[in-house]
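Structure first, then comments.
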Amino acid sequence: MTARDAYDRLVAHGRASTDIGAALSLLSWDQQVMLPAAAHAGRAAQIGELTAILHRRATDPAIGDWLAACEESELTAVPTSPEAANIREWRRDYDLAVKIPHDLAVALARAASTGQRAWEIARKDNDFQAFSPQLKELLELSKRKAEALGYAGEPYDALLDGFEPGETTATITPILVELRDAIRAIMDAVAGAPAPAPLPGGPYPLADQEAFLAEVTRRIGLPPEASRLDVSAHPFSTQIGPGDVRITVRYDTADCTKALFGAVHETGHSLYSLGHDRGDARHGTPMGEYVSLGVHESQSRLWENQVARSLSFWEHFLPLAGTHFPQLTGLAPEAVFKAVGAIAPGLIRVDADETTYNLHIVLRFELELALVRGDLAVADLPGAWNAKSEEILGIVPPDDASGCLQDVHWATGAFGYFPTYSLGNLYAACLFEAAGKAIPDLPQRMAAGDFGALLAWLRTNIHEKGRLLRPRDLIATATGQAPTAGPLIRHLRAKAAAIYGV
């Protein structure tokens, strides 16, 4: 078998697995959006069976043979070629997949499906004890996964690496500490300044919010013919396949900005998905996949924060908002910009202001690290959450629904995911700063409703790269310098100065 023959077999195998994975994604989307309550047990079994098929395909010994035929061949002679990148990343995926026992992979998928439903009910009922058994199971399975994968430092590193290749507890901790300290300094600086006036209260009718979100997401680049907008207990986005992305939000008739920022955030994810997998020759290969969750979050956080919370955004969209919400007519764009940028620590992460958001990540990172290390028992999580919330945010949740039950991540076994949000914020600031240098009139373009220039820059520098480069190298190549917290801290300080005059 020639190297080219082996490579073609890897491509065919990858495309078939990707298409099976699309069916799995569709089942998961349906479970969170449309599934009847009585169907959840059956859905867990269906997800388990598809996961079993995918795991068998991912660990097929033939993959190892095909890779061996490709490695050290002419296909890898140029390390930066798409073929070389695909071979490198297929090797990484295969070597990790074969470490996970088949029964463990299926058990994790089933537990994530049942955990999702158990969390939805527990959150609605404010009943942590009802969810506790599922959380214990997911934590223990995740620990087994970490041991199977192996690690140089500690078990949490193996889980974090699954979301952000190359990152460890040792590399992520100083980033979070730097952000925490910088944010606290900003909060201290604005403490004595008058707070900007809030937006007028509701009601903001659901039908008007839906119409507004549909137009906003369309104008910033999300094709209506390739997307859906629905409602779920926790906002999310998913790609079913090329030309098929789904986003969800949750609405609040008293505050239209919650759904707005949620929709723009998830649109950022979807734009990235559509940009790296367009159904072309890259489909089913690593070059047609996202490189990491941190980079994925950089796209959602960039559109949510640097774009949707900017003055330019409201200069363009406030007239449209006024047609749907009469209470906003007569407001100046500057007033809305200041209202949505106000620093106001709150309980709910997805509703957090741009400045204090990373404090929510610090809280979750410290707790999940303690859970994985065995320093914190699941039964003690509510009390530990409340204590951390008071320490970090200065607020004690009145109940578990607004405390340790507010996020879905642990209910699906996603231990190690949360730090990617802060990495996403950091990467987003680096990228937006670089985009501003490449497009000097970017603020004016956005104020005029032209978001295409920014999207095109992101397409070229991030989306189309797939997994060609590792996360930090990708950001460095796009911006011309290694990623640091500097651009994010500068951005937050500048925003505080613009809003509070400090």
Side-chain angles (χ1 to χ4, degrees), residues 27-48 51 104 106-145 159 230-236 248-252 258 262 346-351 360-361 363-390 393 395-418:
L27 287 179
S28 179
W29 171 85
D30 179 70
Q31 180 181 16
Q32 298 179 68
V33 175
M34 302 185 71
L35 194 69
H40 283 273
R43 181 53 48 85
Q46 295 158 9
I47 288 174
T51 300
L104 176 57
V106 175
L108 273 165
R110 288 178 180 267
S113 180
T114 57
Q116 166 88 34
R117 180 56 178 167
W119 167 79
E120 290 177 0
I121 296 172
R123 180 176 176 274
K124 179 177 178 292
D125 296 340
N126 187 35
D127 187 357
F128 176 80
Q129 294 305 316
F131 174 58
S132 181
Q134 282 78 18
L135 183 55
K136 287 180 182 178
E137 180 185 12
L138 284 159
L139 177 60
E140 290 308 311
L141 289 171
S142 296
K143 288 181 178 180
R144 285 176 54 194
K145 179 181 178 180
L159 303 177
D230 293 281
V231 177
S232 67
H234 190 96
F236 73 97
T248 71
V249 297
R250 56 191 185 205
Y251 293 99
D252 184 344
K258 291 181 179 180
L347 289 169
I348 308 301
R349 176 186 62 85
V350 298
D351 297 333
H360 288 267
I361 304 308
L363 184 156
R364 287 152 178 78
F365 168 69
E366 293 183 0
L367 289 175
E368 71 177 6
L369 182 59
L371 285 168
V372 173
R373 285 175 170 173
D375 297 336
L376 175 63
V378 168
D380 298 328
L381 179 59
W385 182 290
N386 292 349
K388 281 285 183 188
S389 180
E390 183 175 24
L393 292 165
I395 310 172
V396 178
D399 52 41
D400 292 336
S402 55
C404 64
L405 285 174
Q406 67 176 270
D407 288 309
V408 71
H409 303 65
W410 295 337
T412 61
F415 294 94
Y417 189 120
F418 280 118

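Excluded from the calculations below are hydrogen atoms, water molecules and symmetry mates; all remaining heavy atoms, backbone and side chain alike, are included.
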Discussion item. Counting C-beta onward and ignoring hydrogens, is there a side-chain heavy-atom pair between V350 and R250 closer than 4.5 Å?
Written reply: yes
CA sep, side-chain torsions, deciding dist, call: F128, D399, side chain to side chain contact (heavy atoms under 4.5 Å, CB included) = CA-CA 10 Å; F128 176 80; D399 52 41; over 6 Å; no
Salt bridge (Lys or Arg N to Asp or Glu O under 4.0 Å) pairs touching residues 33-44, sequence neighbours excluded, are D30-R43
Taken in chain and number order and not counting sequence neighbours, the residues that satisfy side-chain contact (heavy atoms from CB on, under 4.5 Å) with E366 are V362, K388, I392
R110 meets the salt bridge (charged side-chain N to carboxylate O under 4.0 Å, His left out) criterion, sequence neighbours left out, with E49
- Hey, is the main chain of V396 close enough, under 3.5 Å, to the side chain of S389 for a donor-acceptor pair? no
CG (L139) and CG (L371) are apart, to the nearest 0.5 Å, by 5.5 Å
Sorted by chain and residue number, the side-chain contact (heavy atoms from CB on, under 4.5 Å) partners of R144 (sequence neighbours excluded) come out as L104, L141
The complete set of salt bridge (Lys or Arg N to Asp or Glu O under 4.0 Å) pairs with one or both residues in residues 125-142, sequence neighbours excluded, reads E140-K143
Discussion item. Main chain of D230, side chain of T248: is a donor-acceptor contact present, judged purely on distance under 3.5 Å?
Written reply: no
Residue set satisfying side chain to side chain donor-acceptor pair (under 3.5 Å) with K145, at least two apart, ordered chain then number -> none
Interatomic distance, CD@Q46 vs CG@L27, rounded to 0.5 Å, equals 6.0 Å
Residues passing the side chain to side chain donor-acceptor pair (under 3.5 Å) test with T51, sequence neighbours excluded, are none
S113 meets the side chain to side chain donor-acceptor pair (under 3.5 Å) criterion, sequence neighbours left out, with Q31
Can you give the donor-acceptor pairs under 3.5 Å from side chains of residues 380-387 to other protein atoms, not counting sequence neighbours?
none

Tightest non-hydrogen contact, residues E120 and A233, listed as CG-CB, 4.2 Å
In a table with atom names and distances, give each donor-acceptor pair under 3.5 Å that connects a side chain of residues 405-415 to protein atoms at least two apart or in another chain.
from	atom 1	to	atom 2	distance (Å)
Q406	OE1	R349	N	2.8
Q406	OE1	R364	NH2	3.0
Q406	NE2	L347	O	2.9
Q406	NE2	S402	O	3.1
Q406	NE2	G403	O	3.3
D407	OD1	R349	NE	3.1
D407	OD1	R349	NH2	3.0
D407	OD2	R364	NE	2.5
D407	OD2	R364	NH2	3.0
H409	NE2	Y421	OH	2.7
W410	NE1	E368	OE1	2.8
T412	OG1	H409	O	3.0

Sorted by chain and residue number, the side chain to side chain donor-acceptor pair (under 3.5 Å) partners of S132 (sequence neighbours excluded) come out as none
Would a 4.5 Å heavy-atom cut-off, applied to side chains only, mark W119 and F131 as touching? yes
Residue pairs passing the salt bridge (Lys or Arg N to Asp or Glu O under 4.0 Å) test with at least one member in residues 408-417, sequence neighbours excluded, are none
